Amino acid sequence: MRKLECISFDTQNVLVDPLEFEVSDLELRVIRNVSENGFLIPYHVNYNDSFAYLYKFEDCISFVSAIEKIDMDEWRACILKLFDCIDVIEKNGFLNVCNLCLDPHFVFYNAAERKIWFLYLPVDGPFFFSDVKEFTNSLRLFIRRTGEETGLLDSVIKAVLADANSDIPKLKEAVEKFKPFQNNGGIDTPKKNGILSNFGFMKQSGSKKKETGDSTPVIHVQGGATEILDDGAIGIALVYKGDDYPLRMEIKTRESIIGKQKESVDQVIPFSKAVSRVHCKAGFDNGEAYITDLGSSNGTFVNGKRLEKDEIATIKEGDLVKIANLEFEVEDIKL
């Protein structure tokens, strides 16, 4: 969230102090009137000689905790409920979608009723996100990360989530068409661990090697022979060349968003104001790495050449990538 110091919660309540933001009495009334659509009701209270909002979520757990317990059908229902809330906001005309919280620790799930509840902060102007584009990008990440944590996503929905130009209607359509993996023969849908952090999102770690007596990976082929694979790269790392702040960003997945706003990206660059909130995207697949600019203010450069928005450039070990005013060297990550 934008202001970590202004938000706290215990087992049954969330307390939000919006600091210098002005209260929107109209939004407050509207959100109370539509609370049955999946919004937590905000109660206005005095806090630290100012005001704050108190949200109660009795008999609910955070979505981070719920992910460990729900299956893909329940996950899909929860995401569709999120889109219902977005529809209420957009159709109402008095509410701002940028004030809807997408941090999974502040989204709540009632297992008994199988209902999901969202936190909306009724203040004048955008709060959690600066504009709809930033909100949409965070929505894509919310769907992808919670989905991957819950189970398996198919190639169709993955393609939509990987497309930086996918808008809210396209994302909703992809989730509506998604058919959750059906277990057969007692096979459990695998779940990943550690994608979501204690606050906001944690970066997805690379896949672990299967533990064997020999660290060299092998694949068995027909006839009983065993082919020894080359010790090739399993990803790339962008290593910051400056001496003032050590930073190494490892890219081992098909998509990794880079920027300075940690709620919206996979890889955070926190120490440069020149970096955009959502700056660029890098990925690694089938032995090749790429990077593309996402419309940043100060640009993304590969070996001195500035990329156009959405232009894809392949990168390899030894290349120099400049993100705004910061220069990184590309390194291979080996097995």
Side-chain angles (χ1 to χ4, degrees), residues 38 63-64 66-87 89-90 97 100-104 107 109 114 116 118 129 132-184 187-197 200-207 235 251-259 263-267 278 280-286 288 290 292 294 310 312:
F63 201 46
V64 171
I67 285 174
E68 300 175 358
K69 302 173 176 62
I70 64 176
D71 58 24
M72 290 301 288
D73 283 310
E74 290 176 286
W75 170 84
R76 179 177 176 274
C78 289
I79 299 301
L80 290 177
K81 187 62 180 179
L82 168 57
F83 281 109
D84 289 343
C85 291
I86 294 173
D87 287 341
I89 292 172
E90 292 181 332
V97 73
L100 182 66
C101 179
L102 292 182
D103 188 306
V107 175
Y109 181 74
R114 300 185 70 173
I116 193 165
F118 296 90
F129 307 97
V132 175
K133 180 179 178 181
E134 189 175 294
F135 170 83
T136 304
N137 185 67
S138 292
L139 176 62
R140 289 171 49 243
L141 294 176
F142 181 91
I143 296 171
R144 176 167 65 85
R145 288 167 174 163
T146 57
E148 289 176 346
E149 184 78 1
T150 306
L152 297 175
L153 299 177
D154 61 31
S155 59
V156 176
I157 194 171
K158 282 183 178 180
V160 176
L161 294 174
D163 183 1
N165 295 316
S166 295
D167 56 13
I168 293 175
K170 286 183 179 179
L171 293 171
K172 181 179 180 181
E173 182 182 11
V175 176
E176 287 175 334
K177 292 182 177 179
F178 171 61
K179 295 181 179 180
F181 174 80
Q182 298 297 319
N183 289 339
N184 293 305
I187 300 175
D188 292 330
T189 303
K191 289 194 175 187
K192 299 179 181 180
N193 294 314
I195 294 178
L196 305 176
S197 68
F201 289 114
M202 184 168 67
K203 317 307 165 289
Q204 183 174 354
S205 60
S207 59
I251 312 295
K252 300 179 183 178
T253 58
R254 293 188 179 185
E255 176 187 272
S256 189
I257 308 296
I258 300 171
E263 296 89 347
S264 304
V265 300
D266 298 294
Q267 302 282 353
V278 178
C280 60
K281 176 174 68 173
F284 186 87
D285 188 32
N286 293 327
E288 289 192 339
Y290 73 90
T292 181
L294 296 177
D310 298 327
I312 299 174

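On a predicted model such as this, the values are computed, not experimentally measured, just so you know. All residue numbers refer to positions in the sequence shown, counting from 1.
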Do you know the tightest heavy-atom contact between Ser166 and Val160? OG-O, 2.7 Å
From CA spacing to verdict: side-chain contact (heavy atoms from CB on, under 4.5 Å), Ile79, Phe142: CA-CA 9 Å; Ile79 299 301; Phe142 181 91; 3.7 Å; yes
Rounded to the nearest 0.5 angstrom, the OG1-NZ distance for Thr136 and Lys170 is 12.0 Å
Using 0.5 Å steps for rounding, measure from the CD1 atom of Ile168 to the CZ atom of Phe83. 7.5 Å
Would you mind reporting whether Ile251 and Gln267 have side-chain heavy atoms less than 4.5 Å apart? yes
Rounded to the nearest 0.5 Å, how far apart are OG1 of Thr253 and CD of Glu148? 8.0 Å
Measure the spacing between CD1 of Ile258 and CG of Leu294 and express it to the nearest 0.5 Å. 9.0 Å
Okay, side chain of Lys179, backbone of Asp154: is any donor-acceptor separation there less than 3.5 Å? no
Say whether, by atom type as modelled, one donor and one acceptor occur between the side chain of Asn137 and the main chain of Ser264 under 3.5 angstrom. yes
Between Asp87 and Lys172, does any NZ, NE, NH1 or NH2 come within less than 4.0 Å of an OD or OE carboxylate oxygen? yes
For the CG atom of Leu161 and the CG atom of Leu153, what is their distance to the nearest 0.5 Å? 7.0 Å
Check Pro180 against Met72 and note the closest heavy-atom contact, atom names and distance. CB-CB, 3.5 Å
For a side-chain contact (heavy atoms from CB on, under 4.5 Å) check, start with the C-alpha distance between Thr146 and Val107, then their side-chain angles and the critical distance, and finish with the verdict. CA-CA 12 Å; Thr146 57; Val107 175; over 6 Å; no
Interatomic distance, Glu74 atom CD to Tyr109 atom OH [nearest 0.5 angstrom]: 4.0 Å
Correct closest heavy-atom pair for Thr150 and Ile70 would be CG2-O, 3.7 Å
So, for Phe118 and Cys101, which heavy atoms are closest and what is the spacing to 0.1 Å? CD2-O, 4.4 Å
If you count the non-hydrogen atoms of other residues, nucleotides and ligands that lie under 6.0 Å from CD in Glu90, is the total more than 12? yes
Of all heavy-atom pairs linking Val265 and Gly259, the shortest is CG1-N, 3.6 Å
Heavy-atom closest pair, residues Ile143 and Trp75: O-CZ2, 3.4 Å
So do the side chains of Leu82 and Val175 get within less than 4.5 Å of each other, counting heavy atoms only? no
Answer whether the closest heavy-atom distance between the side chains of Ile86 and Phe135 falls below 4.5 Å. yes
So does Glu176 get a backbone contact from the side chain of Arg76, meaning a donor-acceptor N/O pair under 3.5 Å? yes
List the steps, then state whether side-chain contact (heavy atoms from CB on, under 4.5 Å) holds for Val132 with Asp167. CA-CA 10 Å; Val132 175; Asp167 56 13; over 6 Å; no
Can any side-chain N or O of Tyr290 pair as donor or acceptor with the backbone N or O of Arg254 at less than 3.5 Å? yes
